[in-house]
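Convention: sequence-line order gives letters A, B, ...; per-chain numbering from 1.
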There are 2 protein chains.
Amino acid sequence: MGNVEDPQDARVRLWAPVAQAVALLLGPYAEVVLHDPDTDRVLGIWNPMTSRGVGDPSLLGELDDLEPSAQDVFGPYEKLLVDGRRLTSVSAVLRDPQGRPSAVLCINLDRTPLEQAAAVLSAFGAPTVQRPEPLFEQDWSERIQHIIGSYVRETGRPVERMTRQDRLAVLGRLEEARVFAVRRAAPVVAGALRVSRSTVYGLLAELRSPNAKDRP
Amino acid sequence: MGNVEDPQDARVRLWAPVAQAVALLLGPYAEVVLHDPDTDRVLGIWNPMTSRGVGDPSLLGELDDLEPSAQDVFGPYEKLLVDGRRLTSVSAVLRDPQGRPSAVLCINLDRTPLEQAAAVLSAFGAPTVQRPEPLFEQDWSERIQHIIGSYVRETGRPVERMTRQDRLAVLGRLEEARVFAVRRAAPVVAGALRVSRSTVYGLLAELRSPNAKDRP
DNA sequence: TCCAGACTGGACAGAAAGTCCAGAGGGGCT
DNA sequence: AGCCCCTCTGGACTTTCTGTCCAGTCTGGA
């Protein structure tokens, strides 16, 4: 299901069984990706969690730190999807008999369902109300990710093709969460929203002002 | 297993099946206790988690808030055992046909194993250490008050007669709590510590710098 | 093709954040 | 008391951010 691979490529034929086996073992919540380290493109993908397909460019950062290093296996490290899902990832550089890197295998495990299950368990018989929705993130930049992420999930609209209204709504939530009381937050938000700092301040001004716009 | 009951008592004969059924359903992690509200003693206990037995006095506080109230079912509320286990408890006042309280049934569910399981689940594949200590206050100025307040309480030294060391310690805690990442926090802290802004920055610098002071 | 609305990048003023220092207490010691 | 050392103070000053503005670019729709 959802497997996409290029059977023409010898590397794919070589590694596909491994990738598929792992994908089967870890159920629907693990994505296995085979990358071409030369072209930085996807060779094959099993259980894709995003809309990537064969030939698409590899996600920025997924391979970034890998090449210069001496070791071949990386992680596990944490990644955050725009929709808020938490992934645990490992990567391995796969070499041909001559020792040259021929592919990079990445396994991305979605930890969200496990965490939800954990929440169910610890809520069982718990008399105290769960935290009111709150921001148990120590790190405010995670909070930003989280808020933007849940908005994306709710609306199904990724950051890249948000409308002005979407941005206004997201900024409203961020404002509510007092995010802008934190130093340096505005530029970070601008970055996360793929928008310039000016735009953020513009939208923010529109939000905060008595909107004279509503009555023409 | 581990059931202790007094078959002589009519109330026990009446309620024992209920108690036993609940004890069986909730496995080894729920303790069911039948109390005598008049003598404040244990009439019967199933799956005892502590060393209480029939005839022992009921645990202090277990019945405290029950009597004066109008309702008959209480909880769930949280209890803490000396060994650190967290219990979720409910209680019910059981009445005879004349409406007089004849027994009190308490069910104590040990939530520890569930919470451990939850921890296992959310640790599965988790690369990062769990959050270093949440501090889920929305309002950062409250957080400042809270940190300073607890220091004062711990040391018994009010803000006015703090020593330099005290101030350093407090600032250390505030720093740890990332308080100074918030705009305008420094002056507020200075005010709360009854000290000038300069002093705050001075002490802060001393804290953050490689303390050359330690090696004379 | 042209227009209108939206975003950008850079410039800039103003506000905080930090740094620095001369001078004012204020204990403790002689 | 008188002195000294340590610490805090208030203010001046530099640096870093914040928030505003605007001319110019991009883009989708009529």
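What separates CZ of A:R164 from C1' of D:dG29 is a distance of 17 Å, to the nearest Å. The CG-C1' distance, from A:L193 to C:dC7, rounds to 13 Å in whole Å. Look at CG on A:L171: it is 13 Å from P on D:dG19, rounded to the nearest Å. In this entry the distance linking CZ of A:R208 with P of D:dT18 reads 12 Å, nearest Å. Between the CG atom of B:L204 and the C1' atom of D:dT7 there is a distance of 16 Å, given to the nearest Å. Rounding to whole angstrom units, CZ of residue A:R184 and C1' of C:dA15 are separated by 15 Å. The interatomic distance linking A:E175 (CD) with D:dG19 (P) rounds to 10 Å, in whole Å. Regarding B:Q165, its CD atom lies at a distance of 8 Å from the P atom of D:dT7, rounded to whole Å.
Applying the 3.5 Å distance criterion, the base of D:dG11 shares a donor-acceptor pair with the side chain of B:S198. Donor-acceptor pairing under 3.5 Å, judged by distance alone, is absent between the side chain of B:R197 and the base of D:dG10.
Salt bridge annotation for B:R167-B:E206: absent, with no cationic side-chain nitrogen under 4.0 angstrom from a carboxylate oxygen. A salt bridge is defined here as a Lys NZ or Arg NE, NH1 or NH2 lying under 4.0 Å from an Asp or Glu carboxylate O, and B:D166 with B:R161 fails to meet this definition.
OP1 or OP2 of C:dG18 has at least one side-chain nitrogen or oxygen of B:Y201 nearer than 4.0 Å. Between A:R167 and the phosphate of C:dC7, there is a side-chain N or O to OP1/OP2 separation shorter than 4.0 Å. The side chain of B:T199 places no N or O atom within less than 4.0 Å of a non-bridging phosphate oxygen (OP1 or OP2) of D:dC8.
Distance from the side chain of A:R183 is smallest for C:dA17 among the nucleotides C:dA17, D:dT9, D:dT18. Checking D:dT18, D:dT9, C:dT8 against the side-chain heavy atoms of A:P187 singles out D:dT18 as nearest.
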Run A:R194 and A:M162 through side-chain contact (heavy atoms from CB on, under 4.5 Å) and show every step you take. CA-CA 10 Å; A:R194 310 278 181 184; A:M162 275 189 179; over 6 Å; no

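Taken from CH2 in B:W46 to CD in B:E31, the straight-line distance is 11.0 Å, to the nearest 0.5 Å.
Nearest-nucleotide positions on DNA chain C place A:L203 closer to the 5' end than the other of A:L203 and B:V182.
The closest donor-acceptor contact from the side chain of A:N47 to the backbone of A:A30 lies under 3.5 Å.
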